[in-house]
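These numbers were taken from a predicted model, which means no experiment stands behind them. Hydrogens, waters and symmetry mates are skipped; everything else that's a heavy atom, side chains included, is used. In what follows, chains carry the letters A, B, and so on, assigned in the order in which the sequence lines appear, proteins first and then strands, with residues in each chain numbered from 1.
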Amino acid sequence: MSRDSTDTGYSPTAPALPPAQAEDLLEWYDRHAREMPWRTGPRARAAGIRPDPYRVWLSEIMLQQTTVAAVRPYFEAFTARWPDVTALAAAEDAEVMAAWAGLGYYARARNLLKCARAVAGEHGGVFPADHAALLKLPGIGPYTAAAVAAIAFDIPATVVDGNVERVMARLHDEPTPLPAAKPVLTRLAADLTPETRPGDYAQAVMDLGATICTPRNPACGLCPWRPSCAGWHAGTAPALPAKTPKARKPIRRGIAYLARRVDGAWLLETRPEKGLLGGMLGWPGSDWIDAAAGAPTDAPPIRAEWKTLPEEARHTFTHFHLRLEIRTALVPMDRTPERGGFVPLEEFRPADLPTVMRKAFDLARPR
DNA sequence: AAGCCGTGGGA
DNA sequence: TTCCCAAGGCT
């Protein structure tokens with residue numbers, strides 16, 4: 001037993017011999033591992049090919065709360081433009097934020113740069129092959145430290161993400177709702193982690209959760225762990241894990257001002273580093289206030305004849321729905337904005353904007 | 001230590 | 001339409 005395993009998932013006293021369950025899963029993984037751009041498959045790994053820690057780290061940051069399909073093109077673009085951690089560390093902040101635009105959770109991009117610069121400056125451009133050292137780096141928490149340690153360095157660390165929580169809850173028929181059940185599920189996962197092939201095992205558990213032990217309609221008939229699954233025997237598996245209900249999202253309203261100068265330049269501003277869409281480019285606008293609290297305050301960034309579009313932009317964030325009124329204006333060359341700055345037409349790429357700002361642009365763009 | 005922080009796809 | 005969900009971390 002890994003009696004002294006911690007919440008970080010690192011399990012220094014895992015069993016010397018993998019339990020039969022781990023072997024069953026690895027055997028399944030050898031036949032069903034999915035191809036991904038950042039992955040060294042079980043055959044290559046068995047042939048001694050090691051994954052590149054930079055690519056493992058980059059993919060794991062991108063995959064936080066984000067689907068494989070959404071990550072794929074961003075991963076390709078980042079690795080083509082910045083092939084190693086030293087190159088990324090040397091990039092401009094605005095370049096990286098623009099390249100991340102559309103992927104969401106923009107604090108990840110800010111921490112990505114901080115982490116790359118820490119690795120370049122304090123670790124000689126080499127990711128530390130050490131769970132505790134990884135955990136200290138910006139943007140690397142318990143899950144990512146364990147994932148990089150296991151996948152990149154074959155350290156027997158236990159990864160616990162949403163997939164693993166679901167698999168463990170079903171395997172052990174654990175009725176406690178999340179997030180309260182997290183410590184219990186972490187311990188159960190640590191107790192299964194083998195000493196051999198920890199990198200393949202980590203990916204195998206997550207693949208199992210992503211392809212077989214899915215949130216809805218799990219394919220129990222194809223599952224290598226079905227014989228030992230308490231949730232399957234009890235018939236409770238599809239309903240697990242239990243979760244405490246979430247509050248409904250409130251509606252907020254705001255106004256965005258899209259000013260186009262007669263030479264085609266657009267008036268934009270860089271948002272503050274902290275908070276919603278921190279560090280990203282956006283349209284100047286009002287605060288976004290709860291719809292029940294009244295109407296947003298008119299706050300045009302430049303003197304102009306503003307026209308309100310008939311259609312508002314709608315967007316849903318993690319914790320609220322936004323309805324954004326769009327106002328547009330065409331302004332002469334000699335007028336100075338009170339907020340933001342004009343970006344010349346040839347330098348402006350809508351793809352550099354976070355999605356809500358791009359939606360506003362799509363409604364306002366000249367046709 | 002709960003609340004904050006995006007997005008797109010599927011049911 | 002609405003809600004849920006995804007390879008979480010930070011404060």
Pair A:W266 and A:W283, ring centroids less than 6.0 Å apart: yes
Whole-Å distance separating the CZ atom of A:R323 from the C1' atom of C:dT2: 12 Å
Residues A:D52, A:R55: salt bridge by 4.0 Å N-O rule: no
DNA chain B-proximal residues of residues 237-256 of chain A, any heavy atom under 4.0 Å: none
Spacing between A:F320 atom CZ and B:dT7 atom P, to the nearest angstrom: 10 Å
Sugar-phosphate, base or nothing in reach of A:T144, heavy atoms under 4.0 Å: sugar-phosphate
Sugar-phosphate only, base, or nothing, as touched by A:R39 at under 4.0 Å among non-hydrogen atoms: base
Touch class at under 4.0 angstrom, heavy-atom based, for A:T66 against every strand present: base
DNA chain B: 5'-proximal contact among A:R216 and A:H315 (nearest heavy atom): A:H315
Interatomic distance, A:W57 CH2 vs C:dG8 P [rounded to whole Å]: 17 Å
Nearest-angstrom distance, P atom, C:dT11 to B:dG6: 14 Å
Side-chain ion pair, A:R252 and A:D287, N-O less than 4.0 Å: no
Nearest-nucleotide 5' precedence on DNA chain B, A:L277 against A:N217: A:L277
Test: A:E269 and A:R271 ion pair at under 4.0 Å: no
Value in whole Å for how far the P atom of C:dG8 lies from OH of A:Y143: 7 Å
Nearest-angstrom distance from the residue atom OH of A:Y106 to C1' of C:dG8: 17 Å
N/O (side chain, A:T355) to phosphate O (OP1/OP2, B:dG8) under 4.0 Å: yes
Touch class at under 4.0 angstrom, heavy-atom based, for A:R166 against every strand present: sugar-phosphate
Options C:dA6, B:dG6, C:dG8, nucleotide nearest the side-chain atoms of A:T67: C:dA6
Mutual orientation of the aromatic rings belonging to A:Y54 and A:W57 [parallel < 30°, tilted 30-60°, perpendicular > 60°]: tilted
Electrostatic pair A:E35:A:R39 at N-O distance under 4.0 angstrom: no
Touch class at under 4.0 angstrom, heavy-atom based, for A:G278 against every strand present: nothing
A:E122 vs A:R117, salt bridge (Lys or Arg N to Asp or Glu O under 4.0 Å): CA-CA, chis, key distance, verdict: CA-CA 8 Å; A:E122 299 164 24; A:R117 288 168 181 164; over 6 Å; no
Short side-chain N/O contact from A:Y105 to OP1 or OP2 of B:dC4, under 4.0 Å: no
Euclidean distance, atom CG of residue A:L137 to atom C1' of C:dG9 [Å, nearest integer]: 13 Å
Presence of A:H319 side-chain N/O under 4.0 Å of B:dC4 phosphate oxygens OP1/OP2: no
Carboxylate-amine/guanidinium contact A:K182 A:E165, below 4.0 Å: yes
Cationic tip of A:R34 above A:W28 ring, under 6.0 Å, 45° of axis: no
Sugar-phosphate only, base, or nothing, as touched by A:M36 at under 4.0 Å among non-hydrogen atoms: base
Touch class at under 4.0 angstrom, heavy-atom based, for A:I61 against every strand present: nothing
Sugar-phosphate, base or nothing in reach of A:P354, heavy atoms under 4.0 Å: sugar-phosphate
Gap between atoms CG and P, on A:L178 and C:dG8 respectively (whole Å): 13 Å
5' precedence on DNA chain C between A:R34 and A:N111 (nearest-nucleotide basis): A:R34
N or O in side chain of A:Q64 less than 4.0 angstrom from C:dG8 OP1/OP2: no
Atom-to-atom span, CE of A:M97 to P of B:dC5 - whole angstrom: 14 Å
Out of C:dC5, C:dC3, C:dG9, whichever nucleotide has its closest atom nearest the side chain of A:P215: C:dC5
